[in-house]
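This report refers to the structure that appears directly beneath it.
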Amino acid sequence: MNIQVWTDTDLHGAGGALVLRWLYKDCKTFSINDVTESTFTGRFKGAQQTLDHYDRIFIVDLDLNREQIQLADRENTVIIDTHTNHFKNKNLYKKSKVIIDDSFFSCVDLISDKFKTHLNLTDEQKNLTDLICQYDWYKSNNDSLKLNAIYYNLNAPKTENFISSFYNGLTEFNPHQKNSIKLFFKKFKEQISTNNIFKGKIKDYNIVATFGDYAVGELAHFLLSKYEADISIIVNTKTKTVSFRRNKNCDVDVSLLAKKLCDGGGHAAAAGGKLTEQFATLTKQFTQC
């Protein structure tokens, strides 16, 4: 059997691909494309001529919008996700097999649950899936944060290298992995300690903002947790881009903010755009924490 996986470029996405690799350990071909929601459309369109070569194409941990759902809706695709917006739109699929359930925190535990009768995991593999499912910057689980640090510092192709490193499950981190952990947190802490943090409001939502160019997603979620804000904004002056993230308990669609303020877009929980004059004018009202 020939399998292809399209998965998000984060620890949960890599973990989902790893569980599928365990599930299809005897397949003839197992290829991986790690993408984001913003890069999925272009790359999936570019792969159209090869998609029929695969018996099953898994699309994992990607919060696809309506246009992307139409693109992905094929007889040989299996859609696996836990995002609430994707769950609300799952009826738009007409051809794909759909496994979308927002009652699960991660696609790792969703896949493990749906295919549990076919998975025969070792204790080490179970420990790894548990640790991946625990990963959440809103919480302080040191081991899961360390695992994410290792993932973040992997060279491309990140998901393939993650699978190679942890195929046998969770064991003691080797010296190279321990150095990756130290490097990640050293650079992360330096970024936090040297950058000013600002707070403000957009309508009735509490905003926290800073500058950053390293582990931007992780930085955004760290700020949300530390300052109990509704929305975090990270400005990358090197790339002249702005990233938006929302607290998991917040209902605002940050893609609309990104579109209005930064000529950008994205998804309800994560979005981005360009550093514009309109955005700069708005943030002048923010005050330093």
Side-chain angles (χ1 to χ4, degrees), residues 1-40 42-44 46-47 50 54 56-62 78 80-81 106-112 115 119 121-137 141-188 213-219 221 270:
M1 181 173 283
N2 297 314
I3 303 295
Q4 186 178 69
V5 178
W6 294 74
T7 192
D8 197 9
T9 53
D10 64 10
L11 182 61
H12 290 292
L18 176 54
V19 179
L20 289 172
R21 189 69 185 96
W22 290 334
L23 182 65
Y24 290 97
K25 56 181 179 295
D26 297 322
C27 68
K28 181 179 179 181
T29 302
F30 190 92
S31 68
I32 301 170
N33 292 285
D34 39 9
V35 294
T36 64
E37 285 93 350
S38 61
T39 61
F40 172 79
R43 290 187 57 184
F44 201 78
T50 66
Y54 295 94
R56 290 181 186 170
I57 298 172
F58 290 89
I59 300 175
V60 181
D61 197 34
L62 291 167
V78 181
I80 303 177
D81 194 25
S106 169
C107 283
V108 173
D109 53 352
L110 175 57
I111 297 169
S112 299
F115 296 99
L119 285 166
L121 303 184
T122 65
D123 288 341
E124 290 79 9
Q125 289 171 328
K126 290 177 182 177
N127 290 337
L128 180 67
T129 58
D130 288 344
L131 197 60
I132 295 171
C133 290
Q134 293 169 21
Y135 168 64
D136 184 350
W137 271 96
N141 183 307
N142 288 335
D143 287 337
S144 67
L145 296 183
K146 289 177 182 177
L147 186 64
N148 178 68
I150 293 170
Y151 169 80
Y152 184 88
N153 281 320
L154 287 172
N155 293 323
K158 293 174 79 72
T159 301
E160 290 185 17
N161 287 329
F162 181 81
I163 290 175
S164 297
S165 298
F166 292 98
Y167 186 83
N168 293 323
L170 186 66
T171 57
E172 183 180 356
F173 297 141
N174 62 40
H176 177 73
Q177 291 168 341
K178 290 178 180 178
N179 285 335
S180 292
I181 294 168
K182 290 180 181 178
L183 174 64
F184 178 90
F185 285 105
K186 180 176 182 291
K187 294 180 70 172
F188 193 81
D213 56 26
Y214 182 79
V216 169
E218 286 80 359
L219 177 60
H221 288 298

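With contacts defined as side-chain heavy-atom distances shorter than 4.5 Å, the pair Ile163/Ile32 qualifies. For the pair Phe44 and Val35, the minimum side-chain heavy-atom distance is 4.5 Å or more. Counting heavy atoms from C-beta outward, Leu20 and Val60 have side chains that approach closer than 4.5 Å. Side-chain contact check for Thr9 versus Tyr151: some heavy-atom pair is nearer than 4.5 Å.
To the nearest 0.5 angstrom, Lys158 atom NZ is 11.5 Å from Ile150 atom CD1. Distance check: Asp26 CG to Lys28 NZ gives 14.5 Å after rounding to the nearest 0.5 Å. If you take CD1 on Ile181 and CG on Asn148, they are separated by 10.5 Å, rounding to the nearest 0.5 Å. In this structure, OG in Ser112 is found 9.5 Å from CG in Leu23, a value given to the nearest 0.5 Å. Distance CD/Glu37 to CG/Asp8: 5.0 Å, rounded to 0.5 Å. To the nearest 0.5 Å, the span separating CH2 on Trp6 from CG on Asn33 amounts to 4.0 Å.
A donor and an acceptor atom, one from each side chain of Thr159 and Asp34, are located under 3.5 Å apart.
Residues Leu62 and Thr36 approach most closely at CD2-C, 4.1 Å, considering heavy atoms. Between Asp81 and Leu110 the shortest heavy-atom distance is O-CD2, 3.4 Å. Scanning all heavy atoms of the two residues, the minimum distance from Cys27 to Met1 falls at CB-O, 3.2 Å. Considering all non-hydrogen atoms of both residues, Ala17 and Thr7 come closest at CB-CG2, 4.2 Å.
The backbone N or O of Asn2 lies less than 3.5 Å from no partner atom in the side chain of Thr29, so there is not a single donor-acceptor pair. Within the 3.5 Å criterion, the main-chain N or O of Leu154 finds no donor-acceptor partner in the side chain of Asn161. Judged by distance alone, with hydrogens and angles left aside, the side-chain atoms of Asp61 form no donor-acceptor pair with the main-chain N or O of Cys107 at under 3.5 Å. Looking at Asn174, its side chain does come within 3.5 Å of a backbone N or O of His176 through a donor-acceptor pair.
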Take Ile59 and Phe40, measure what side-chain contact (heavy atoms from CB on, under 4.5 Å) needs, and give me the verdict at the end.
-> CA-CA 10 Å; Ile59 300 175; Phe40 172 79; 4.0 Å; yes
Checking side-chain contact (heavy atoms from CB on, under 4.5 Å) for the pair Asp109/Thr129: CA distance, chi angles, key distance, verdict?
-> CA-CA 7 Å; Asp109 53 352; Thr129 58; over 6 Å; no
Go through the steps for Thr122 and Asn168 under the test side-chain contact (heavy atoms from CB on, under 4.5 Å), then give the verdict.
-> CA-CA 8 Å; Thr122 65; Asn168 293 323; over 6 Å; no
Go through Leu128 and Gln125 one step at a time and tell me if the side-chain contact (heavy atoms from CB on, under 4.5 Å) criterion holds.
-> CA-CA 5 Å; Leu128 180 67; Gln125 289 171 328; 5.6 Å; no
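Around the NZ atom of Lys178, the shell of radius 6.0 Å holds more than 12 heavy atoms that belong to other residues, nucleotides or ligands.
Between Phe58 and Tyr24, the ring-plane angle classifies as tilted under the 30° and 60° cut-offs. Taking the six-membered ring where the residue is Trp, Phe184 and Tyr214 present tilted rings, their angle falling between 30° and 60°. Ring geometry for Phe166 versus Phe162: interplanar angle of 30 to 60°, hence tilted.
A cation-pi geometry, defined here as NZ or CZ lying under 6.0 Å from the six-membered ring centre and within 45° of its normal, does not hold between Lys146 and Tyr135.
By the 4.0 Å N-to-carboxylate-O rule, Glu160 lies too far from Arg21 to be salt-bridged with it.
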